[in-house]
Amino acid sequence: MLNGSNVSSGTEANNNHCTFCKRTEISYILKETPNFLLAADHAPLIEGHILIIPKRHFTCYGEVPPSLDDELFSMKREVQRFFSQYYAPAVFWEHGIFKQTVFHAHLHCFPWSSSGYDLEESLHNVIVSSQDDIRQWFMLNGHYFYMEDFRRALIFAPEMDRYLGIVKNVFLRGIASRGGKVEWRSAQQRFEEGVPLIKSMIDKWSSFQELGTDYVNKTILR
Ligand SMILES: [Zn+2]
Ligand SMILES: [Zn+2]
């Protein structure tokens, strides 16, 4: 279904029911900029699984305005530098609203080197060259999911066969490439098993910040 008509506009500054607005499902913030948070995923698939989250409530990145693009790009570049130094190049992934569990925009960052996706698989709909392409798709079609590696960024229509094709190949390959558990686990299991992974990632992030850069910002929220 490519109908965006029932996509609610979520641009209010804050949503009382949203676990990302309330920050109850954000376990550890690595970095905070005026409009974004860089946070550990609280139920990581592998070590290094982090999220880029706009502070304001948007339902997906298709709704995030152009004025925030530069800040988003510099956050992504920092993740790329961090991953390249300690893990492997980044693969970025967004559900859009399709298959989302938290209805607040977030970009998953995974150190998987590459997606392994071949354009000849023809599961994608658009080769993305700017954030405008994502906004454009969202405005015209509504839901989507999104994947980016060092080669290219792609938008996929929110159809189950495309989604399962990507999850099966890209995710399993990516998780296996980091020695992660490829069998299905509930979010609760990932949460429980994720504690040492998050700790280890935070240690690496701290030395990354000390080695390089602007500032260390550690805020333990719970
Ligand atoms: Zn929210
Ligand atoms: Zn997600």
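Each of E148, E94, E71 was evaluated against K76; a single residue qualifies, E148, per the salt bridge (Lys or Arg N to Asp or Glu O under 4.0 Å) test. Among the candidates W93, F156, F171, the single residue satisfying the ring pair (Phe, Tyr, Trp, His ring centres under 6.0 Å) test with Y117 is F156.
Within the structure, the side-chain hydrogen bond (donor to acceptor under 3.5 Å, both in side chains) test picks out no pair touching residues 168-180 (sequence neighbours left out). Contacts classified as side-chain hydrogen bond (donor to acceptor under 3.5 Å, both in side chains) and involving residues 195-204 (residues at least two apart or in different chains) are given here: E47-S200, E47-K204, S200-K204.
Side-chain contact between Y146 and L107: present, with at least one pair of heavy atoms (C-beta onward) separated by less than 4.5 Å. Taking the side chain as every heavy atom from C-beta outward, F145 and E159 never approach each other to under 4.5 Å. Using a 4.5 Å heavy-atom cutoff, the side chains of E78 and F73 are not in contact. In this structure the side chain of L30 reaches within 4.5 angstrom of the side chain of I202, judged on heavy atoms. For the pair I29 and L38, the minimum side-chain heavy-atom distance is 4.5 Å or more. Side-chain contact between P111 and I46 is present, with heavy atoms from C-beta onward closer than 4.5 Å.
Using cut-offs of 30° and 60° for the angle between ring planes, the H49 and F110 rings count as tilted.
Legend: residues meeting ring-ring contact (aromatic ring centres under 6.0 Å, His included) with Y61, ordered by chain and number and at least two apart, are absent.
Judged purely by atom type and a 3.5 angstrom limit, Q209 has no side-chain atom pairing as donor or acceptor with the backbone of W205. Under a 3.5 Å cut-off, the side chain of R135 and the backbone N or O of G62 do not form any donor-acceptor pair. Under a 3.5 Å cut-off, the side chain of N125 and the backbone N or O of A157 do form a donor-acceptor pair. Without hydrogens or angle criteria, D41 side chain to I50 main chain gives no donor-acceptor distance under 3.5 Å.
Taking the six-membered ring wherever Trp is involved, the centroid distance between the rings of H108 and H106 falls below 6.0 Å. The distance between the ring centers of F191 and H42 falls below 6.0 angstrom.
When only modelled atom types and interatomic distance are considered, E183 and Q189 share no side-chain donor-acceptor pair under 3.5 Å.
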Evaluate the criterion side-chain hydrogen bond (donor to acceptor under 3.5 Å, both in side chains) for residue pair D69 and Q131; output intermediate values, then yes/no.
-> CA-CA 7 Å; D69 286 355; Q131 291 297 110; 4.5 Å; no

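Here the closest heavy-atom approach between residue M75 and residue L37 is recorded as CE-C, 3.8 Å.
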